[in-house]
Amino acid sequence: MSRYALRAAEQKWQQTWEDRRLFEAKVDRTKPKFFAMEMFPYPSGRIHMGHVRNYTLGDLVARYKRARGFNVLHPMGWDAFGLPAEGAAIKRGIHPATWTYANIAEMRAQLKTMGLSLDWSREIATCSPDYYKHEQAMFLDFLEAGLVYRKESWVNWDPVDHTVLANEQVIDGKGWRSGAPVERRKLNQWFFKITEYADDLLKSLEKLDRWPEKVRLMQQNWIGRSEGARVQFTVEGRNEKLVVYTTRPDTLFGASFLAIAPDHPLADELAWTNPSLQAFAEECKLLGTSEEALEKADKKGFDIGLRARHPFLPDVLLPVYVANFVLMDYGTGAIFGCPAHDQRDLEFARKYGRPVIPVVLPEGADPASFAVGDEAYTGDGTIYHSDFLDGLDVPTAKKTVIDRLEEMGVGERQVQFRLRDWGLSRQRYWGCPIPVLYAEDGTVVPVPRDQLPVTLPEDVDFARPGNPLDLHPTWKHTTLPDGRPGTRETDTMDTFVESSWYFARYCSPHYEDGPCRKDEVDYWLPVDQYIGGVEHAVLHLLYSRFYARAMKKVGYLSMDEPFEGLFTQGMINHQTYQDEQGNWLEPGKVRKNDAGQWVTIDGERPVKAGRVEKMSKSKLNTIDPTDIIQGYGADTARLFMLSDSPPDRDLEWTDGGIDGAWRYLNRLWRLVDETAERLGPAGVSPVDVAGPDLELRRAVHATIEGVTGAIERFHFNKAVALLRELHNTLDSHLKRNDPAPAVLREAVEILVRLFNPMIPHVTEEAWERLGHDVLLAETPWPEPDKSLAGADEVVLPIQVNGRRRGEIRVPKGAERAIVEAAALAEPGTIRAMEGKPLKKIVVVPDKIVNVVV
RNA sequence: GCGGACGUGGUGGAAUUGGUAGACACGCAGGAUUUAGGUUCCUGUGGGGAGACCCGUGAGGGUUCGAGUCCCUCCGUCCGCACCA
């Protein structure tokens, strides 16, 4: 069978599956359901290797579960809103919709060549009004339920993309797409109240036992729960109190100053009359928030002249600073500084000459001489210098001091989260319009439901910078329900909103009357296995968990956690190449010369082979999946993706690897083709075999068990290895003797069946060649014959003092005395014992024997 | 700085609860078939030694009859978070 015949076979089977609507899912309460889902792609134009890996993994799971008798839902769609479409519009003068739908068509065709067991009848595109009208309706539901609100706030402004970014989208102080340093701006923004669920989102992580530990930890850190207290300070000459947040109220007696954020309301107010304070605050805001900047940044403060009274020490007045290291959006935007027990406070105190008063005495330290040097003491110990707290340990002191603050009415216990509400407003065109209107006085008026969807205008000018919706001459001007003139909200939603509920839409993708049909989502959800990249560990995966809760609250869903099982795949890497000038070179433009050195393919210029890195356009180390599928077939690409590297680890793309997969497919086909005539009739199981045939049968059934277990545990590389091992075993049987036809048929068929979820085309072709009428895709997963599970005899390694010296063959489950005798009689044992007396003999039944002398 | 993961041949990687380290591949070497080869087949392939054997899972120590696996110290690589009070 040539490679072109293989390509033809792939098309044939893809057509057959489609014609028979094999993968279209329906509710069937007689079967257990299984919802297999991979992260849907952004329609950028072409699929890349990351998609191939993702969908190969998901398809293996879906096909395997189907064979195991599950009613499988395995859908696909398009995360179709997003900024690149506007980029294309600006650059090439194409409307974002045109560009997006053309990309979808292209990528759908590419995906179809992979032979995925997808239910294409459920395909969705989030940029379609059929999708986003439900998103708008849900927005109004959330608004009524108090889960969405609007407020003026400081936002992360991306000066290149001209839009606001969520905190999650700011990486090292830079926009996650543009890479431009983010600026701070004050704008009216819509927010999802994700913090309302902060506690639940955190606690429920424990129940997600089929999620990677790493992802749960990242979310835990992101939500960032801390327990502490709010403490009020009275400020001399002012009426209102200054409230600080602290997790160390036990160190209150060590306080030597207060500090507030540069954008704290008090700082803002004083800056009006104090130009140098204003200058200082401006300087702080300009300071980058990048890693390096923070590393180098000095602790800086500005004494604003106010004095705050210590709540327990009426004689102590603490100076109030504006400090560059205090953040407005965490806690209250104000802190008390206790230099002895906090490193930042210490640096600040040393610089501005504030006293350092230790109040926690480390165990074993001398209270008379203990002093803090360059490092603050943050450990446990005994409280001292602290009046009514003296002698307590740290946890008890925290409790005691908060109780006292509460009694005095100057503070309270407070749980604080690092998580902030999800700002969803984006000043962009290609997104879901936020369905609200504004009266002339600024009052918010929800768009009446019978006016949904609010669709995007098509005649848009992308040439001018800024929000095209806002710049549109007429679109935003409209009439309020009561007849007064009004304007539309011109911001669109963050594109993470669409991906936060698409799993629910898949359950009833054509339902008109709401985002999802209750009976359908109740049957299919939650997603049993979700597969995608770890880069979404906090963004998408946290938003979706919030959204499921919100949808439950307004009555659409019955569950909280959308993804019961999560698997995060590794990246695809490839070697990088550079010429002498440092220009990146494509893999196809370099080769190894006879001396084994890398050179350019033409001019013999030397090439520097660099690190193996994630495939990226900028480093030109990408391989186009379509080229591989055209040249070697989808099964080859799929087998390569599953071989060798565990799916959660990075995979290095190599030509050798793809050749290896290709050669194996041919070897598998050859086995089927060459033995097909010698097999017994289909459907007859071998019985009462002995000798080599029995051994072969045992290997076959052990492989069924091994492969099944490996797939269940996502050890796909192991599953491939076990199958190749069985193939090797079968080959050696074929060479040494002639297996009985029924035994040979069983071995070949099991090999083909176990390989089917990985390489569905060639195995389907093989199944037909083996004389079956029923499609392999409709054939159940094989069951191992338990009676073949164990051999009668086992080979036991014999160790002497922990070193392997020989082996014995004994009946399985042999008595200890027999095993010991055989072990001690083994020539290798006798030699290694060197006549020394036996001290001890350890026998692990059917495993190992260790003789100790 | 904080949190986490990992470290096994030339390479990717195997090794249920501690029980024959290197499965399965890639690569390499030698051989066979072929007009040819992105072909197939055979043999070998952790290091040392002619050999019985010795040494080997980042380094060092420990527990154990037995450690890649468990404990301690150190080194290195990668990932996430980062002035979060």
Side-chain angles (χ1 to χ4, degrees), chain A residues 3 171-173 212-215 217-222 224-226 228 244-249 251 259 287 289-291 293-295 297 299 323-327 329-338 341-345 347-348 416-420 534-535 537-538 612 631-632 640 643-646 648-652 654-664 666-667 670 709 713 715 717-728 731 735 795-807 828 831-832 839-844 846-853:
Chain A
R3 124 183 157 206
I171 318 284
D172 282 348
E213 192 58 42
K214 177 191 165 81
V215 175
L217 227 122
M218 282 166 72
Q219 291 210 357
Q220 192 181 312
N221 292 337
W222 191 266
R225 185 181 195 272
S226 73
V244 306
Y245 175 73
T246 178
T247 55
R248 292 298 303 273
T251 63
L287 188 81
T289 48
S290 73
E291 192 176 330
L294 292 175
E295 201 85 349
K299 304 283 170 281
N324 62 347
F325 64 94
V326 182
L327 305 172
D329 42 14
Y330 185 79
T332 60
I335 61 161
F336 80 78
C338 175
H341 305 293
D342 182 284
Q343 191 58 35
R344 284 162 318 187
D345 296 349
E347 285 168 34
F348 190 86
Q416 182 68 40
F417 292 94
R418 186 181 169 281
L419 181 72
R420 271 156 260 162
V534 74
E535 66 272 18
V538 275
V612 174
Y632 293 90
F640 173 60
S643 308
D644 299 343
S645 289
D648 52 342
R649 255 188 255 179
D650 286 0
L651 177 149
E652 186 189 348
T654 60
D655 291 342
I658 202 77
D659 281 338
W662 163 245
R663 284 201 298 266
Y664 183 72
N666 285 287
R667 184 178 163 210
R670 224 178 304 123
R713 294 194 304 273
H715 294 177
N717 55 327
K718 185 80 189 303
V720 172
L722 285 169
L723 287 166
R724 294 185 74 136
E725 197 174 2
L726 177 64
H727 194 149
N728 292 345
D731 266 0
K735 215 169 295 159
V795 176
L796 291 189
I798 310 301
Q799 295 181 332
V800 177
N801 290 337
R803 288 169 187 280
R804 187 176 183 282
R805 297 298 181 187
E807 59 185 38
R831 206 174 334 115
K839 274 191 197 149
K840 186 176 174 181
I841 180 162
V842 180
V843 178
V844 183
D846 297 336
K847 276 257 168 155
I848 201 166
V849 179
N850 193 6
V851 176
V852 186
V853 293

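Proteins get letters first, then strands, A, B, ... in listed order; numbering begins at 1 in each.
- Listed pair R418(A) / A82(B) meets the phosphate criterion, a side-chain N or O lying under 4.0 Å from OP1 or OP2.
- Within 4.0 Å of V244(A), counting heavy atoms only, lies no atom of the nucleic acid at all.
- R248(A) has no carboxylate O lying under 4.0 Å from a charged side-chain N of D342(A), or vice versa, which leaves the two without a salt bridge.
- S643(A) comes within 4.0 angstrom of nothing in the nucleic acid, heavy atoms only.
- Nearest nucleotide to the K847(A) side chain, out of C65(B), U17(B), A14(B): U17(B).
- Among the heavy atoms of the strands, none lies under 4.0 Å from E652(A).
- Contact annotation for V842(A): base contact, defined as any heavy-atom pair under 4.0 Å involving a base atom.
- Look at NZ on K839(A): it is 11 Å from P on C65(B), rounded to the nearest Å.
- Atom P of nucleotide G80(B) and atom CG of D650(A) are separated by 11 Å, given to the nearest angstrom.
- Using a 4.0 Å heavy-atom cutoff across all strands shown, D655(A) reaches no nucleic acid atom at all.
- The glycosidic torsion of G9(B) lies within 90° of 0, placing the base in the syn range.
- Side-chain atoms of K299(A) and base atoms of C83(B) include a donor and an acceptor less than 3.5 Å apart.
- Within 4.0 Å of R804(A), counting heavy atoms only, lies at least one base atom of the nucleic acid.
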